[in-house]
Amino acid sequence: MRLSQAFLPTRKELPSDTVMPSHQLMLRAGMIQLLASGIYSYLPIGWKVIKKVIEIVREEMDRIGAQELMLPILNPIEIWDETGRNTDFGDEMFRLYDRKKRSLILAPTHEEIICDLARKYIQSYKDMPQIWYQIQTKFRDEPRPRSGLIRARQFIMKDSYSMDVDDDHLEKSYQLHAQAYKKIFHRCGLQFHIVTASSGLMGGSGSQEFMVESEYGEDTLVICSDCDYAANQEIAVSHSIKIKNKEAVSLKRLHTPGKKTIKEVSDFLGIQTSQLMKSLIYICNSQPIMVLIRGDHELNESKLLSFLSCPVRPAQPDEVKDLCNTEIGFIGPVGLKKSMRIIADLSLKDQHDLIAGANKKDFHISGIELKRDIKQKIEYSDLKIVKSGEKCKICNGKLKIVNAIELGHIFKLGTKYSKSMKAFFVDNKGHDKPIVMGSYGIGIERIVAAAILQNFDDKGIIWNEVLAPYLIHIIPIKFDNTDILEMANQLYYQLKSQQLDTIIDDRYVTPGYKFKDADLLGMPFQVIVGEKWLHDGLIEIKKRKSNEKIFVKQNEFIKTIKSLLK
RNA sequence: CGGGGCGUAGCGCAGUCCGGCUUAGCGCGCCUGCUUUGGGAGCAGGAGGUCGAGAGUUCGAAUCUCUCCGCCCCGACCA
């Protein structure tokens, strides 16, 4: 490509209203253009990179025997009613009507459509296993699009679905995907984590996410520095920092005027926050539930949600007052007016001398032992958020917390969809059984953003050879000198004839302009034809990443370039 | 959906508090001419704006009031 003819609108100035480096660089390098919030046009070099990612994904999916197909984006609403996900997705689905006023949606994912295909074509255990995938635009009306392509409302996803006869075979399909995903992200040159993830309300027997660390990430991971343990914070477990168990003592009411928060109470009483018990009221299916957490811990709502298998919300202040006869800050499990389900974090089990609210304004109670002092049955579960510095349950190593961006998610769906959509097959004994499914996604643009995020400097993007829109960027300097222009053109044609993706900056602009643009665009190799060529007959090859310069004679050029390419 | 910020030329911004010396300005970019080619060139000339939209207040509105729209950030949300 000749830059003089290219649609490659680079910008010197940093776009305002942007925060994330990958977003800023994609805009500055002329890769993307915003059309509306969360909706982008992909300009030629942006699209070129995306196509490279897609091709890698396609190769690795094909390698595990997955079969590519293409499903409709426009879906009749009825099929989404079959699984109840019309309601579940709610406002996140784009909705529209056809001329007959029939309700349609723009698909945010395709489990239902796949399941429909499966129930029509998969009849016998002999028809499985199957893995079907597509690489296609998805639509989600995100409440808050952000960070450029990281969270967009229209984005490209590779989604695949496996159909198997039972859980063992699902496990195989799942592992095939895990392997394929590792290869894909490795090939893209990314550093990533594989973490166990929350199954949420979807049930199923497990899922893993493929994550790249980033301070801009929307997910939080817990990672062990000593072993392989890595999990999404939503489900991560740890050994809490141990505290010495106090002696058993009797209950005592303490006057704590105006002291509501854990910190206020512990400061006032001169005790460790870990001796306190946080009492939280949640509402689940309109029923109140008291949740108890150690004072130095925080509740992990995802864990509560999966323990209860029901969406939860914190109770409103007036609801709390209604239930406990006092305001937030002084509630506790001892002396509750109305009985309610109580769920406590494991760390509180068998502890002596805990302190909680007295259900009376300005009073707390000390000396609490849940087993001794609470008559009703208390359910115990791991409910706390894992914090940095806690110990790994597997190896006792130190856990760290990092933010991350989710690039891929593999999911054992089980039979949720096949049951509700009646996708059954006949097993080898002649019985009807629901197809056992898996679903697996990759965010294509997120790979591009992550690749930039992991490889840039103050001058611009640093592409690796796999994803680079062009491998080589030729820069003729002083090119009104016909020798230089001729040489540069000659190299350009030579490289092209070797199938090496090359761009040449044949614009009539100053050298500084060309260098800045080349660094911003970040092709792996810059080939500079200038003074050195005129005086010494040498062509300069500069590596974008290391800034290393190599000077070669013309007859050595192609050989050298090829040896530099991996 | 809650909180905050912003909307003035293709891009980045000043002007808005305190209405009228602003014929709406600056930098970058763009066009023409001459000069210029190892780190975003110089000089000269030029084009480009319903000041996000609508309504109102006023003799007079980019500036004040109201409504709406859009974009960004924080939070909530994110099978």
Side-chain angles (χ1 to χ4, degrees), chain A residues 9-20 23-24 27-28 30 33-39 80 83-93 107-112 138 140-148 150-153 155 159 197-204 207 209 216-220 232 234 301-302 305-306 311 313-314 405-406 409-414 416-417 420 437 439-441 443 459-460 475-481 484-485 488 505-521 526 528-535 540 542 547 549:
Chain A
T10 55
R11 291 182 196 296
K12 180 161 67 173
E13 297 186 72
L14 201 78
S16 68
D17 279 349
T18 59
V19 173
M20 199 167 183
H23 185 200
Q24 295 173 334
L27 287 165
R28 285 191 55 211
Q33 173 69 52
L34 179 84
L35 179 64
S37 183
I39 304 175
W80 286 81
T83 54
R85 289 216 298 179
N86 180 17
T87 325
D88 291 350
F89 264 100
D91 288 339
E92 207 164 312
M93 284 210 282
T109 174
H110 276 92
E111 280 80 6
E112 279 79 358
K138 296 281 187 280
R140 293 186 188 176
D141 195 359
E142 294 289 346
R144 181 145 101 80
R146 70 183 96 180
S147 306
I150 294 295
R151 180 165 292 266
R153 295 195 294 170
F155 59 96
D159 47 323
S198 166
S199 310
L201 282 178
M202 293 302 297
S207 80
E209 291 165 327
Y216 303 97
E218 300 175 315
D219 287 275
T220 308
N232 195 306
E234 290 179 349
E301 286 192 18
S302 314
L305 180 149
S306 56
R313 64 168 176 85
I405 299 163
E406 179 186 348
H409 198 162
I410 56 177
F411 207 103
K412 294 178 193 168
L413 288 178
K416 178 187 158 90
Y417 294 89
S420 59
M437 295 178 64
S439 132
Y440 317 88
K459 295 186 221 144
I475 305 172
I477 304 294
K478 277 195 179 170
F479 79 57
D480 53 346
N481 180 305
I484 283 178
L485 187 56
D505 194 346
D506 57 342
R507 295 173 299 179
Y508 195 70
V509 294
T510 54
Y513 199 100
K514 293 183 182 183
F515 287 132
K516 294 282 187 196
D517 253 2
D519 288 343
L520 170 62
L521 290 167
Q526 296 172 13
I528 299 149
V529 187
E531 295 275 344
K532 281 275 177 192
W533 166 251
L534 278 184
H535 297 137
E540 175 181 344
K542 190 170 97 179
N547 224 23
K549 292 171 184 174

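Note that the structure is a prediction, hence the values are computed from the model and not measured. Below, read A as the first sequence line, B as the second, and so on, with proteins coming before strands; counting in each chain starts at 1. Only this structure's heavy atoms are used, side chains among them; waters, hydrogens and symmetry mates stay out.
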Checklist line | Check: Arg144(A) main-chain N/O paired with Arg151(A) side-chain donor or acceptor under 3.5 Å | finding: no

Check: A47(B) pairs with which nucleotide, Watson-Crick or G-U wobble, both distances below 3.5 Å?
Finding: none

Item checked: Lys138(A) side chain near His110(A) side chain, heavy-atom distance below 4.5 Å -> yes

Check: Between Leu34(A) and Thr510(A), who's closer to the 5' end of RNA chain B by nearest nucleotide?
Finding: Thr510(A)

Next item on the list: Nearest whole angstrom, please: distance from the P of U37(B) to the NZ of Lys532(A).
Entry: 19 Å

Notebook entry, point to check: How would you label the contact of Ser147(A) with the nucleic acid (heavy atoms, under 4.0 Å): base, sugar-phosphate, or nothing?
Noted result: sugar-phosphate

Check: What is the distance, rounded to the nearest whole Å, between atom OH of Tyr508(A) and atom C1' of G40(B)?
Finding: 17 Å

Next item on the list: Using the C1' atom as the reference point in each nucleotide, state the distance between A47(B) and G60(B) in Å, no decimals.
Entry: 30 Å

Note to self: Please classify the nucleic acid contact of Ile528(A) as base, sugar-phosphate, or nothing, using heavy-atom distances under 4.0 Å.
What the structure shows: base

Check: Roughly how many Å is it from CD in Glu92(A) to P in C1(B), rounded to a whole number?
Finding: 15 Å

Check: Does a distance-only test, which skips hydrogens and angles, find a donor-acceptor pair under 3.5 Å between the side chain of Lys542(A) and the base of G39(B)?
Finding: yes

Note to self: Please report the distance, rounded to the nearest Å, between CZ in Phe89(A) and P in C77(B).
What the structure shows: 17 Å

Check: Is C21(B) paired to anything, Watson-Crick or G-U wobble with both distances less than 3.5 Å, and if yes, which nucleotide?
Finding: none

Note to self: Within the 4.0 Å heavy-atom criterion, would you say Thr18(A) contacts the bases, only the backbone, or no part of the nucleic acid?
What the structure shows: nothing

Check: What interatomic distance, in whole Å, is found between C1' of C13(B) and the corresponding atom of A62(B)?
Finding: 15 Å

Checklist line | Working for salt bridge (Lys or Arg N to Asp or Glu O under 4.0 Å), residues Glu111(A) and Arg85(A) | finding: CA-CA 10 Å; Glu111(A) 280 80 6; Arg85(A) 289 216 298 179; 2.8 Å; yes

Next item on the list: Tell me what Arg140(A) touches on the nucleic acid: a base, only sugar-phosphate, or nothing, going by heavy atoms under 4.0 Å.
Entry: nothing

Next item on the list: For C78(B), take OP1 and OP2 only and decide whether either is under 4.0 Å from a side-chain N or O of Arg144(A).
Entry: no

Note to self: Between G40(B) and Tyr513(A), is there a base-stacking contact, meaning the centre of the base's six-membered ring lies under 5.5 Å from the residue's ring centre while the planes stay under 30° apart?
What the structure shows: no

Next item on the list: Between Thr109(A) and His23(A), just flag the one whose closest nucleotide in RNA chain B comes earlier from the 5' side.
Entry: His23(A)

Notebook entry, point to check: Whole-Å distance between G39(B) P and Asp519(A) CG?
Noted result: 13 Å

Check: Got Glu92(A) and Glu142(A) here, is their nearest side-chain heavy-atom distance under 4.5 Å?
Finding: yes

Check: Looking across every strand, which nucleic acid part, if any, lies under 4.0 Å from Arg28(A) by heavy atom: base, sugar-phosphate, or nothing?
Finding: base

Checklist line | Whole angstrom value for the distance that separates C1' of G38(B) from NZ of Lys516(A) | finding: 12 Å

Notebook entry, point to check: Given that both distances must come in under 3.5 Å, which nucleotide forms a Watson-Crick or G-U wobble pair with G10(B)?
Noted result: C28(B)

Checklist line | Who pairs with G2(B) - Watson-Crick or G-U, where each distance is under 3.5 Å | finding: C74(B)

Check: What is the distance, rounded to the nearest whole Å, between atom NZ of Lys478(A) and atom P of U37(B)?
Finding: 7 Å

Item checked: Pairwise P distance, G2(B) and A76(B) [rounded to whole Å] -> 16 Å

Check: Is the base of G29(B) touched by the side chain of Glu13(A) through a donor-acceptor pair closer than 3.5 angstrom?
Finding: no

Item checked: C21(B) and C30(B), which share atom name C1', separated by this distance in whole Å -> 31 Å

Notebook entry, point to check: Separation of Leu35(A) atom CG from G70(B) atom P, in whole Å?
Noted result: 13 Å

Check: Judged by atom type as modelled, is there a donor-acceptor pair below 3.5 Å linking the side chain of Lys514(A) to the main-chain atoms of Arg507(A)?
Finding: yes

Margin query: At 4.0 Å (heavy atoms only), tell me whether Glu540(A) reaches a base, stays on the sugar-phosphate, or touches nothing.
Written below: base

Margin query: By nearest atom, which of the nucleotides C78(B), C28(B), C73(B) is closest to the Glu218(A) side chain?
Written below: C78(B)

Note to self: Please give me the minimum heavy-atom distance between Leu27(A) and Thr18(A), naming the atom from each residue.
What the structure shows: CD1-CG2, 3.7 Å

Next item on the list: For Lys542(A) and Ile528(A), work out which heavy atoms get closest and say how close.
Entry: CB-CD1, 4.4 Å

Margin query: Can you tell me the base-pairing partner of C66(B)? Count Watson-Crick or G-U wobble geometry only, both distances below 3.5 Å, and say none if there is no partner.
Written below: G54(B)

Margin query: I'd like the P distance from A53(B) over to G7(B), given in whole Å.
Written below: 13 Å

